[in-house]
Number of protein chains: 2
Amino acid sequence: MARKVSRRGGNIVTIHDVARHVGVSPMTVSRVINGEKNVREETRKKVAEAIEALNYSPNMAARSLASQDSSRIALIYSNPSMSFLSELLLGILHQSSQSGCQLIIESCEGPEGVADVLDKLKSLGVDGVVLPPPLSDSTRVAKALREMGLPFVGVATSRPSPDAASVSIDDFKAAFAMTQRLIALGHRRIGFIKGHPNSYYSQLRHEGYIAALTKAGLTPEDKLVGQGYFTYRSGFDAAESLLMRDERPTALFASNDDMAAGAVASAHRLGLDVPKDVTIVGFDDTSMASSVWPELTTVRQPISDMASLGLKMLLEQIRTRRSGQPYAPVHEIRDFAIIERQSSSPPGEDATD
Amino acid sequence: MARKVSRRGGNIVTIHDVARHVGVSPMTVSRVINGEKNVREETRKKVAEAIEALNYSPNMAARSLASQDSSRIALIYSNPSMSFLSELLLGILHQSSQSGCQLIIESCEGPEGVADVLDKLKSLGVDGVVLPPPLSDSTRVAKALREMGLPFVGVATSRPSPDAASVSIDDFKAAFAMTQRLIALGHRRIGFIKGHPNSYYSQLRHEGYIAALTKAGLTPEDKLVGQGYFTYRSGFDAAESLLMRDERPTALFASNDDMAAGAVASAHRLGLDVPKDVTIVGFDDTSMASSVWPELTTVRQPISDMASLGLKMLLEQIRTRRSGQPYAPVHEIRDFAIIERQSSSPPGEDATD
DNA sequence: CTGAAAGCGCTTACAG
DNA sequence: CTGAAAGCGCTTACAG
């Protein structure tokens, strides 16, 4: 019975092998695999055991060909932080290998780049798009996608498109929580370094900072707030002017890790110890946060999980649409976490013990 | 003729549509797509035009199902730099979406982790493995894979397994070239920060530095060499002791970017300007190099290309093996590039103009 | 140089 | 609750 060996040398276990092993039809095995309900419990169990015993694993190609469910998903990105991107990719890949969808990655530089990439996606027959920041916040991109009739999901968006799915954290709440933590440590003069002005989540983080200060009975002061642009250099510069004030802040909250790292460098250059002389905290928990020294206390976004969930939601959306049912966009909010590392301590003390 | 609409709502262009459009058989179209030679030039051209006109793009699932060529490729990694990983992933993804192979990503922590992951790969029916550093340098992992009979490729290996494929740069030559560049700038007292002692490429880079010095008639001095461990902190510490010497080096060559970034921070803390007082250069061109300020002059490895090529080679290897032909492992060497940024200049001058 | 037939491993749509 | 048939879009292995 050299059935499997006809074309190929190997001996892959197929759904037929499992079926024969149990004494049922391939159809029943298929049902078990896909978790359909109308299978007798006893049958299901026997099939499951056979699957285990034969070490069967479904052929994704066959499955997606047969079910016509082979979604081509594009991930388009433009100029994100590399470490952000890598976490995102990890999550996406994890999910895509499970879902058996085909992934296409495209980078688009500049505003014209986006149009070109969108054209390309169309001709590639893409079924859906994953959008990381800053694209996920672009109303222009959202509009274009909508006009193309292409489903999409925004990952880590601060301004989710109302008619598209999204996964994000609550930037306001996260900045609020981090500021509260700083206050709980005993800090009263807390500086803030804003991100790029055209980014909405930068604004949300700033507002979270203000709100926490206010709630604690502290007065937010403009002179304790510096303008950054999410870059190391901008964090360096902003921190420098903040730290050279007569009444130096005892803590600095930079609204991303690159700026926080720049702020640490600036403090060092001024002869200040971190965290002994000044506590410096970041936001995002990118690899930068744990690369520099001292390692940065920061707010962690579970990027990888968010990306994985985002892709899953997108796939469901595509399936729903295909079946002709109406689709109600889902906006998921994931939990953030405050990660304490060596760059923070009570004012005037050293956290590294 | 509602053929395509039978099961699905859409109207995907298939090989049959193209065939009908041209007036040939699907087989001929298939041949054109796969670049087979036995097709008349005229026919080929007409088919190519139809493909263009109909905007046809082959269905990967069908293709890999029919050709039995659907390879499951695993990428296993352990503790690499995130920015390295993201470049690698980009390259791998680019290639895998073109080749239509299924990608599985597994992280393995620690030496036991590797064994577990390998077990998992086996039960998953993986056809080949991509190995980034430091796994790509592990003789243990190579041996285990060999015993499992699983083809693999090492990406950015300094010590390629003789019987497995690999893609790398010439670390010795790259370090040699960077050191020569420093000498050409006018530096004579050039310090070096070594990487982790158990890493072979760290050693190669050190040897390249020594060789360039020697070739230029300079005497390599042990006291100009510091021991690092590839981390920011270790670069910081090593640079500190190097820069506090009486005869301070005018340039520091750190054998990766994280250490170079740490060295810059250390210089700043000592009140030294980079590059005016000391030139500091790195190696790898990870995102760290362009995140910090001043941005780092460094050696670029084309990670993404290397990964993409590596996967391609692996796929070829699998195909060759399947056809029963003998496989001769290929070791590809890619070109590196010296990237000049703001952290280097002639001694005593400022490069940022 | 070109094509008709059979098959890849799975699922959909029907029957029972 | 279970199964026989047909088909997903492509390629392999033969013929001519």
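Below, chain A is the first sequence line, B the second, and so on; all start at residue 1.
Rounded to whole angstrom, the span from the CD1 atom of B:I33 across to the P atom of D:dC10 amounts to 7 Å. Rounded to an integer number of Å, the gap from B:Q102 CD to C:dG9 P is 15 Å. Note: CD (B:E36) to C1' (D:dT11) measures 9 Å, nearest angstrom. Residue B:N34 contributes atom CG, which lies 14 Å from atom P of D:dA13 at whole-angstrom precision. Atom NE2 of A:H16 is separated from atom P of D:dA5 by 12 Å (rounded to the nearest Å). Separating the CG atom of B:N38 from the C1' atom of D:dA15 is a distance of 14 Å, rounded to the nearest angstrom. Atom-to-atom, CD of A:E42 to P of D:dC1 comes out at 12 Å; the value is rounded to the nearest Å. Rounded to whole angstrom, the span from the CG atom of B:L65 across to the P atom of C:dG7 amounts to 14 Å.
D:dA4 is unpaired under the Watson-Crick or G-U wobble criterion, no partner having all donor-acceptor distances under 3.5 Å. Base pairing annotation: D:dA13 forms no Watson-Crick or G-U wobble pair, as no partner gives both donor-acceptor distances under 3.5 Å.
Taking the charged nitrogens against the carboxylate oxygens, A:E147 and A:K143 do have a contact shorter than 4.0 Å, which makes a salt bridge.
Here the side chain of A:A66 is nearest to one of D:dG7, D:dG3, C:dG3, namely D:dG7. When each of C:dT2, C:dT12, D:dC1 is scored by its nearest atom to the side-chain atoms of A:M27, the top-ranked nucleotide is C:dT12. When distances are taken from the side chain of A:A62 to each of C:dC10, D:dC1, D:dC10, the shortest belongs to C:dC10.
An OP1 or OP2 oxygen of C:dT2 is reached within less than 4.0 angstrom by a side-chain nitrogen or oxygen of B:R40. Contact annotation: A:T28 does not reach the phosphate of D:dC1 (side-chain N/O to OP1 or OP2, under 4.0 Å). Residue B:S30 has no polar side-chain atom (N or O) positioned under 4.0 Å from OP1 or OP2 of D:dC10. For the pair A:S67 and C:dC10, the criterion of a side-chain N or O lying under 4.0 Å from OP1 or OP2 is not met. Residue B:R63 places at least one side-chain N or O closer than 4.0 Å to OP1 or OP2 of D:dT11. Taking 4.0 angstrom as the limit, B:S25 places a side-chain polar atom (N or O) nearer than this to OP1 or OP2 of C:dG3.
Nucleic acid contact class of B:P26 (heavy atoms, under 4.0 Å, all strands): none.
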Taking it one step at a time, do B:I105 and B:L89 satisfy side chain to side chain contact (heavy atoms under 4.5 Å, CB included)? CA-CA 10 Å; B:I105 310 288; B:L89 287 175; 4.1 Å; yes
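Closest non-hydrogen pair, A:A142 versus A:S161, comes out as CB-OG, 4.0 Å.
Within a 6.0 Å sphere centred on CD of A:E52, other residues, nucleotides and ligands contribute 12 heavy atoms or fewer.
Under the salt bridge (charged side-chain N to carboxylate O under 4.0 Å, His left out) criterion, B:E332 pairs with B:R334, not counting sequence neighbours.
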